[in-house]
Each structure stands twice: as structure tokens, then as C-alpha cells.
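Quick notes on the structure that follows.
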Amino acid sequence: MTYTLTTPLYYVNDKPHLGSAYTTLACDALARYQRLIGERVVLVTGCDEHGLKIQRTAEAAGLTPQAHCDAVSAQYQDLWKRWRISNDRFIRTTDPRHHSLVEQFFRRVESAGDVVEGRQQGWYCVACEEFKDDAHEADDPECPIHRRPLEWRDERNLFFRLSRYQGAIEALIAQPGFISPASRRREVENFVGQGLRDFSISRLNLPWGIPVPGHPDHTFYVWFDALLGYLTALLEPGDPPDLELAVSRGWPARVHVIGKDILRFHAVYWPAMLLSAGLEPPCQVFGHGFLTREGQKMGKSLGNVLDPAVLLDQFGADAVRWYLLRDIAFGEDGDFQQQRFLDLVNNDLANTIGNLLNRTSSMARRWFQESVPPTVEGRSPEHPLALAAAEARQLVLEGMARLDFRQAAEAALQLAIAANGFLNTQTPWSRIKQEEERQSVADDLYAVLEASRQVALLLAPLLPDLSARMMLQLQQQPLESGVMADPAAAATWLDQLRWGGLLSGLELPQPEPVMARLEPIPSP
RNA sequence: GGCUCGGUAGCUCAGCUGGUUAGAGCGUGGGAUUCAUAACCCCAAGGUCGGGAGUUCAAGUCUCCCCCGAGCCA
């Protein structure tokens, strides 16, 4: 079984923002975790490149839509590369194979009798790419989200007969866990409960889109073709554009991770489309929350947008990943606070985790021939730190599996705190002065080094870079959890998480801080 | 307008089916220590649990009303 997970396919209207980075890095952590426990993972990300909005944005910039998409899409690919996101695929909906799959998919839906012609009349928000039903009385209505004027449309479009799937969708969203977190389920239930209406899947005279086969002048509505990108993405590089083949490469997706704003498309429209085409719906749709900054919505008008590329340059991937994954409940809204960001990264990563390794390694080197001390007691599964490690491991595994990154991160941190506390109670630096304490000090240092190794292992999916630096300080092979990870070899992660794997006598390199403290920066 | 979810220490939040002095992290103050990245460890102060009424031997925890914030739908 392939573990397929997806980020949204980001709309190429503008350069990537922090919200996209947030989703993507959460997915990266999840993908790495799944690889580490031995799953064959396909992490899909990419760009959604069709629609009127794109066409207009391109025109405004004096570019062809394709040139515009190429440019923005390249920014995404570049950014993910710099963040070292382990996406196995990057799909663009302008990919020729995608066109072909959309056509195949459409034919299935059409032959299922789910495509009908209808008249679409109403006010349309180009920014949302959505009809608004609530703007009837105003003379010049504007979009409540974008505060931009709506445009009146009256055209004959093709409709997808969503209404036929009322029962099927009700049953689907009633499945526990299908919509996660559970707190978002009610919203969808309410929507579905009001009765599903057919929705238009084509646009007339919109050149920038995929033509609907058999219906001249119609192109597919962006939302119809975009989600299919998840399927196209499953094709391997040399594969012919065949829907059935794509499906066999890893459908259904185990989880679509999305922002809460597009929950409905993923939990209602998309599954219905899939059912119509005779395909399975995804196993889970996880809608995470939004990020604010210092309590305020980020937006161009406020000029308070955090640029993920700038954050990365300024603070590095570990710091930002840690803050977002460790401090914000994945699923709920979160607030990015500069001061807290600095405090947490410095406390947790530099002071607690980094310094733990540093101080311990330094003692071991000084008193035990620059290497891991020999041990009698340290390897015992009953050792207090062994017990702490076992608990941490349990919480990390459980947390990662549930996309509760915060629980996982805190558990790993907790182990480091326990190890620091252990050192302070044992005070090896004073006991080493008595020869008869030597073995006992060796045991203590061994246990703390082993605990540090466990921390490094547990951090592997969350902070792969820091994890690798820690492993090197402990003379260990860093974990490979990226796209090159070999599923067969990867399962050794769990083996390595057994207490006592660190070898005594291993030479320890000169300690170097694995995580530098961040300096407060003047506001930009 | 209907529905949903929140309002708990300076900040971010935990508090399950109601039950001893309401918890954690960060921040703040103090102590201890020197192995270490002025780090680690320990201790402390700080809350009329949005407001009001009610049920109960007992309510942050249940009921009703109100105020504030967020969201979904009309």
C-alpha cells in the first residue's frame, strides 16, 4: 500500500505565502514520519494554474498566462527546495498529462449521467472563482471576502449532478476521522444537510483552461480540474497519461491536508466527483487553521505579511518548523509572535536540546578518552531515562500518526528536559573527583548521551536538519527520511529507538553547538 | 437572521463524564550550581475561570439570559 498524502495545489496568483509554507512543512513532517516507519510514501504538492483570475493577473502583468504560471510555479518549486521539502511529486495543472486525465475523468462522469446542461446566472467573484448566492438585492454587490465588485454572469454551463450524491456524501462525512479535526465536521454537515445542489463545472469563453471535450467554447471550471491534479501527480515520470494507471499508483490518498477554507471542496465536491467516476474518495481530509501575526490577520493592506522565504533566510528551517509545529495545535488557528518565536526556539532548541548534547559530550570527552563511556547500568531498560525515552517514543509515534505535531514535539522536548534534570541531580562533575564514583559517572553520562541520541531520532521527522547535526555529534548516521529514503532500510528507525543502541567506546567529535541561539532582530 | 466554536494567570493555552488549596509552557522575581551555547536545575508571585441568574451538599465544569470575538450558512 502506498501512503499518498497531498498539500493543496497552490493557486499561482501570487508568490508563496506563509500559509502555504505551513501546510507544506507539516506535510513534509508527516511524510518523513511515514517513511521512517517504513511506508512507501508519495507526497504530492504542486500548483493550480487555471482560471479567470490567473488570466487576468497575467494580463495585468503584461504576460501570457503560461509565462505567468511558469514564473510563479518556479517560485514554489524553488522555495520548497530551499525548505528541503521532501515532496515526491510536483504537479502543475498545465501539465499536458493532466489535460488528458481531466478529459478521461470527465468522460467517466459524463457517461455516469452526471453532467447536464444548465443555466448559471448570478454574481461571480473572480478572486474566489465562485458564484455568490447572497448578493441579490444590492445594485453593485461586492465580495465580502475580497471587497471587490462582483460580476454578473448569465451563461449556459455544464453542471455536475452533485445532488445525486446527497446520501453518499452524508454517509462519507459521517465516518469518524474522515473530516479532521472533528471540530470541523459540523460545518460540513450543516452545509450538506441543507441539500446539495448541482454545480457548474465549465465556463464559457474562458480561454485559459482545459477545453471540455465535445462542448466547444467550454473550458473546465478551475475547481473541477484542479483537484484532479492529485491523481495526475501519481503518475510516474515515464507513465503514459492513463487515469487507471494513475489510480493504481497510489489512490486513494490517505490524507489531503488543506487549509480550512477549502474544506468543502475537498470533503464534499471532490469525493462526489470521484464516486461519479467510479473511484474511491480519499481516506481523510484534514483542515488546519490559519496563521495570524501578532494577533492580526496577515494581509497586503496591513503590510504585515510574513514571507516564508525571508523567514527561512533569517532563522533557518529548523527554527521555523519547530515554532509552527510545536507551538500551534495543528488544526486550530495560530498566532505568529516574534518574541515567542525567539523564546521558544532559544529555550527548546538551543538551551534545552542543543546544550544538553553539548554539555554531556563535553564531559564524556574530558573524562572518558573523548568517547562514549563504558556502562554497566546505563543500558538497562529500567533506567529512569530509558523509561522517559520509552514514554517519549510512545507519544511521538502516536502524535505523528494523528498529525498532532505538537504532542510529538513536546514529547521529544520532554525527554531532553528529563535528561537535563537527571544530570543536575547526579552532578557528575563533582562526583568524578572521587575515583570510586567513576563507573557510576560513566553510567550516568552514557544514559544521557543515549537519551540525546533518542531525542535526535525522535526529532527526525520534525526537524530533519537538526536531527542530522545531532546524530553527527554522536557519531551516528543521520536518518534519511527524504524522497531517497529506502522503505526497507527505513524501518530501522524503530529499531534504533530501542534503548541502549549507542555503543560505548565510540569516539565523540569536538562538541559544536547544534543549534545557535537566535538574536532578536530589529523589526523589518 | 440561523447555526457552530471560543472568552481560564502578563502572553499562548490544558482542564475527561460537576467534587480536595484551578494547571502547563513562555515571560517576571528569587535561589542553587559550574559540566555546558550567561546555558541547565529548583522555588515563588500572579487568576472574583467574560457578566448575571439558576440547578446541586458541591460548578471553570450542567441550564437559561446577556456581552465580546471567530467561523459557516442564509
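Numbered from 1 within each chain, the chains take letters A, B, ... in sequence-line order. Keep in mind it's a predicted model, so treat the numbers as computed, not measured.
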Item to complete: Please lay out, stage by stage, how A:H288 and A:Y22 fare under the test ring-ring contact (aromatic ring centres under 6.0 Å, His included).
Response: CA-CA 10 Å; A:H288 72 247; A:Y22 179 47; 5.1 Å; yes
Discussion item. One pair to check against ring-ring contact (aromatic ring centres under 6.0 Å, His included): A:F315 and A:Y323. What are the steps and the verdict?
Written reply: CA-CA 11 Å; A:F315 305 112; A:Y323 180 62; 10.0 Å; no
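Within 4.0 Å of A:R326, counting heavy atoms only, lie sugar-phosphate atoms of the nucleic acid but no base atom. At the heavy-atom level, A:E410 lies nowhere under 4.0 Å from the strands shown. Contacts of A:I432 with the nucleic acid, taken as non-hydrogen atoms under 4.0 Å apart, are absent. Using a 4.0 Å heavy-atom criterion, one finds that A:Q407 contacts no nucleic acid atom at all. Residue contacts shown for A:G421 are limited to sugar-phosphate atoms, with no base heavy atom under 4.0 Å away.
Listed candidates were B:C35, B:G71, B:C26. Nearest to the side chain of A:R340 is B:C26. In this structure, of B:C40, B:U33, B:C11, it is B:C11 that holds the atom nearest to the side chain of A:Q337. Of all nucleotides listed (B:G25, B:U37, B:U34), B:U37 comes nearest to the side chain of A:V514. In this structure, the nucleotide among B:C13, B:C40, B:C35 sitting nearest to the side chain of A:S362 is B:C35. You'll find that the side chain of A:P513 is closest to B:U37, out of B:U34, B:U37, B:C40. The side chain of A:E187 has B:G71 as its nearest neighbour among B:U37, B:G25, B:G71. Taking every side-chain heavy atom of A:K297 into account, B:G71 is the closest of B:G71, B:C26, B:C40. For A:N351, whose side chain is taken as the heavy atoms from C-beta onward, the closest listed nucleotide among B:U37, B:A36, B:U34 is B:U37.
For the residue pair A:Q439 and A:D443, a side-chain donor N or O sits within less than 3.5 Å of a side-chain acceptor on the partner. A:Q414 and A:E410 share no donor-acceptor pair across their side chains, judged by distance under 3.5 Å alone.
Base orientation of B:G25: anti, since the glycosidic angle falls outside 90° of 0.
The distance from atom CG of A:D444 to atom P of B:C40 is 20 Å, rounded to the nearest whole Å. Per the geometry, CH2 belonging to A:W367 stands 7 Å off P belonging to B:C35, to the nearest Å. Here B:C26 presents its C1' atom at 12 Å from CD1 of A:I417, a figure rounded to the nearest Å. In this structure, the CG atom of A:D348 is 14 Å from the P atom of B:A39, given to the nearest Å. Look at CD1 on A:I353: it is 13 Å from C1' on B:C40, rounded to the nearest Å. Rounded to whole Å, the distance from CG on A:D343 to P on B:U12 is 14 Å. Per the geometry, CZ belonging to A:R185 stands 15 Å off P belonging to B:U4, to the nearest Å. Following rounding to the nearest Å, A:L385 (CG) and B:C40 (P) show an atom-to-atom distance of 18 Å.
If A:A350 and A:D261 are placed on RNA chain B by their nearest nucleotide, the residue sitting closer to the 5' end is A:A350. Between A:A416 and A:N190, the residue anchored closer to the 5' end of RNA chain B is A:N190, taking for each the nucleotide with the nearest heavy atom.
Here A:K433 does not reach the OP1 or OP2 of B:C35: none of its side-chain N or O atoms lies under 4.0 Å away. An OP1 or OP2 oxygen of B:G2 is reached within less than 4.0 angstrom by no side-chain nitrogen or oxygen of A:R186. In terms of phosphate contacts, A:R517 brings a side-chain nitrogen or oxygen within less than 4.0 Å of OP1 or OP2 of B:A39.
Applying ring pair (Phe, Tyr, Trp, His ring centres under 6.0 Å) to A:F199 and the options A:Y269, A:F224, A:F159 leaves one that passes, A:Y269.
Aromatic ring orientation, A:Y165 versus A:F160: parallel (interplanar angle below 30°, classes split at 30° and 60°). Between A:W223 and A:F265, the ring-plane angle classifies as parallel under the 30° and 60° cut-offs.
A stem is defined here as three or more consecutive Watson-Crick or G-U pairs, each with both distances under 3.5 Å; for RNA chain B these stems are B:1-7 with B:67-73, B:10-13 with B:23-26, B:28-31 with B:41-44, B:50-54 with B:62-66.
Between the base of B:C26 and the side chain of A:N347 there is no donor-acceptor pair shorter than 3.5 Å. A donor-acceptor contact under 3.5 angstrom links the side-chain atoms of A:N355 to the base of B:A36.
Judged by a 6.0 Å distance limit and a 45° cone about the ring axis, A:R293 is not positioned over the six-membered ring of A:F336. Geometric assessment of A:R438 against the ring of A:F368 yields a positive cation-pi assignment under the 6.0 Å and 45° thresholds.
Applying the ring pair (Phe, Tyr, Trp, His ring centres under 6.0 Å) test to pairs two or more places apart or on separate chains, those with a residue in residues 380-420 of chain A are A:F330-A:F405, A:H383-A:F422.
B:U21 and B:G46 have their C1' atoms separated by 16 Å, given to the nearest Å. Only the P atoms considered, B:A22 is 32 Å distant from B:U4, to the nearest whole Å. B:G69 and B:U28 have their C1' atoms separated by 28 Å, with the value rounded to a whole Å.
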